Amino acid sequence: MLTTRPRGTNDLLPQEVQVWREVERVVHEICSEYGYQEIRTPIFEHTELFQRGVGETTDIVEKEMYTFTDRSDRNITLRPEGTAPTVRAFLEHKLYADAQPTKLYYMGPMFRYGRPQKGRFRQFHQFGVEVFGSKDPAVDAEVITLAMDFYQRLGLRGLELHINSVGCPKCRAEHREKLQQFLEPRAEDLCETCRGRRERNPLRIFDCKSPVCREIVKDAPTITASLCDQCAKHFAQVQEYLRSIDIPFMVDEGMVRGLDYYTNTAFEIIVEGIGAQSSIGGGGRYDGLVEECGGPAIPGVGFGLGLERIIATMKQQGLVEQKQQNLDVFIVALGEEANRKAFTILNELRRKHVKADHDVMGRSLKAQLKQANRLGAKYVLIIGEAELEKNVAVWKDMVSGEQSEIKLDSIVSTVVEKVTGRKE
RNA sequence: GUGGGUGUAGCUCAGCUGGUUAGAGCGCCAGAUUGUGGCUCUGGAGGUCGUGGGUUCAAAUCCCAUCACUCACCCCA
């Protein structure tokens, strides 16, 4: 156990970190271009925030939270998602007092306790955005567009954007009524979990994968058909905006997202090839959430994207090539005096922003060159007794193999010039 | 939480129905080239066969338990 990481967590080894940094770079770039500002909230929060914010009846709250009491008996939970904490910070710091909308993004680890499998971990990472303060369908469309643009910038292909509207509390109640009526005579045929859902949250039956339930639900009244005028109009406008900028999508009336707080727009991005977990992102509008969390009635829209799944897809689509690390200069030193000299040169080169390294394993000349090669050094500087004698160092081009001599007196400026092409 | 699969060297894996010194490729170290890398050749180091128990004259191999990994279900990113 001492040398084993906790279940469902991952170490990102140096090679792996390369991809992550690239993805993170794109996150910051795209958000800045779309006018979003980064927010960083704590990794743990008071448990009640998620109970209220995510919803008591959701699976996340019912069985997937990392909850514990701290030394002062406070009830703490490692964040399972990013929206509730962002809402909390938005309220705590009264960001709604500023000119609206507030456009935020976040990126970082999330925690959910469940059995790990392909594309599902106990600690995973999300990139998400939240826009507070506007009900304009243009914002729904912007948020969706940002997500799709993000995938596109990473080079991802074959994505499906599913959108739906789950209406407002008013049309939802009406639809719930209709749905329960429809299901009543067929209740016996539903699968075990759906029999329970019929009472508590009938909408979720649309999500069921059991063939029997699917068959039943096929002819059921959809929420989309029961939308009130306002909600129907909102949904139509979101679609219009998406069409106007050629974002392909499909209306998926069966899609109902698992988090309780969604209203109107709900969307999800699906991709094949990364196992049973095909969703690489999802989001929607949550006009009641801020109020639910104890704030003013302020609308919001946002999404959360799973970075592990996105990176898995990138790998699957051959978009990840690992570059070898590269070094400008590797200094090969032989003997004590040469080592002392090499150390000072190394230091000066680094201060001039030359990527440089040397041997600390007591290797032979041959082995040091081998190491230089492994590190991808473009050049090698060789300093041995013979060189010290002549007050020079051997300069070797590792690609061509050509060698020449450099005077030690002006070695740093000469090397800087050779490496960077700049004169001092 | 439920079910299936897997656990042998740093990595990827072989090891037939139990049979004695557990192998290969890659990587690592060294030599061939007494001060010159990449290619090649040669040699070397490195393993509590996940862990604990059991069956047996004998277990990496069979049985049980346990842990870990993995895939799937539930659900989600």
Side-chain angles (χ1 to χ4, degrees), chain A residues 1-10 13 15 54 57-65 79-83 107-128 147 191-194 196-197 201 204 207-210 255-259 268-271 274-283 303-313 324 327 330 332-335 338 359 361-389 394-403:
Chain A
M1 289 299 270
L2 191 60
T3 55
T4 314
R5 67 189 185 275
R7 183 154 212 209
T9 63
N10 277 116
L13 269 21
Q15 242 190 3
V54 180
T57 62
T58 58
D59 274 39
I60 292 180
V61 172
E62 276 180 357
K63 51 183 203 194
E64 292 183 340
M65 293 209 297
R79 63 179 187 196
E81 54 101 57
T83 301
M107 174 163 53
M110 306 293 165
F111 305 83
R112 287 182 206 174
Y113 190 95
R115 279 257 205 134
Q117 73 188 72
K118 197 178 180 87
R120 170 137 84 235
F121 308 98
R122 289 184 176 176
Q123 177 179 122
F124 61 102
H125 297 76
Q126 282 191 335
F127 151 46
C191 76
E192 213 174 307
T193 37
C194 283
R197 283 171 171 161
N201 196 350
R204 293 212 54 87
D207 251 356
C208 190
K209 278 154 198 146
S210 131
M255 186 192 58
V256 181
R257 299 199 36 90
L259 280 55
E268 190 161 348
I269 299 92
I270 310 283
V271 73
I274 51 167
Q277 267 56 50
S278 53
S279 167
I280 55 170
F303 64 64
L305 313 185
L307 265 26
E308 279 80 0
R309 291 182 188 176
I310 288 171
I311 288 170
T313 309
Q324 213 217 331
L327 202 62
F330 187 91
V332 171
L334 298 162
D359 173 64
M361 299 302 290
R363 289 181 161 97
S364 64
L365 166 72
K366 190 185 163 108
Q368 289 191 47
L369 279 164
K370 200 170 174 177
Q371 178 67 3
N373 203 58
R374 259 190 294 247
L375 295 179
K378 290 200 274 285
Y379 304 100
V380 160
L381 216 41
I382 303 171
I383 307 172
E385 278 168 38
E387 286 75 21
L388 286 176
E389 222 33 44
V394 171
W395 177 254
K396 180 176 174 110
D397 183 318
M398 290 298 273
V399 178
S400 68
E402 283 165 23
Q403 296 189 179

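First the proteins, then the strands, lettered A, B, ... as listed; each starts at 1. Please read these numbers as outputs of a predicted model, since none were measured by experiment.
For A:R112 against B:rA77, a side-chain-to-base donor-acceptor contact under 3.5 Å is present. For B:rU36, its base never sits under 3.5 Å from the side chain of A:Q368 at any donor and acceptor pair. Side chain A:K118 to base B:rU70: no donor-acceptor pair is found below 3.5 Å. Taking 3.5 Å as the limit, the base of B:rG37 and the side chain of A:N373 contain a donor-acceptor pair of atoms between them. For B:rG1, its base never sits under 3.5 Å from the side chain of A:E64 at any donor and acceptor pair. Residue-to-nucleotide contacts include no donor-acceptor pair under 3.5 Å from the side chain of A:R7 to the base of B:rC67.
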- [ ] Would you sort out whether A:N10 and A:Q123 count as a side chain to side chain contact (heavy atoms under 4.5 Å, CB included), showing the intermediate values?
- [x] CA-CA 8 Å; A:N10 277 116; A:Q123 177 179 122; over 6 Å; no
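When the C1' atom is compared between B:rU66 and B:rU6, the two are found 16 Å apart, to the nearest whole Å.
For A:R115, no side-chain nitrogen or oxygen approaches OP1 or OP2 of B:rC73 to under 4.0 Å. For A:Q117 and B:rU70, the shortest distance from a side-chain N or O to OP1 or OP2 is not below 4.0 Å. Using a 4.0 Å cut-off, some side-chain N or O of A:R374 falls inside it from OP1 or OP2 of B:rC28. Dashed line: the shortest gap from a side-chain N or O of A:R363 to OP1 or OP2 of B:rC28 is not under 4.0 Å. One finds no side-chain N or O of A:K366 lying less than 4.0 angstrom from the OP1 or OP2 phosphate oxygen of B:rU36.
Within 4.0 Å (heavy atoms only), A:G119 reaches at least one base atom of the nucleic acid. Base engagement by A:E385 is indicated by at least one non-hydrogen atom pair under 4.0 Å involving a base atom.
With a 3.5 Å ceiling on both atom-pair distances, the Watson-Crick or G-U wobble partner of B:rU6 is B:rA68. Remark: B:rG46 base-pairs with no nucleotide; criterion is Watson-Crick or G-U wobble with both hydrogen-bond distances under 3.5 Å.
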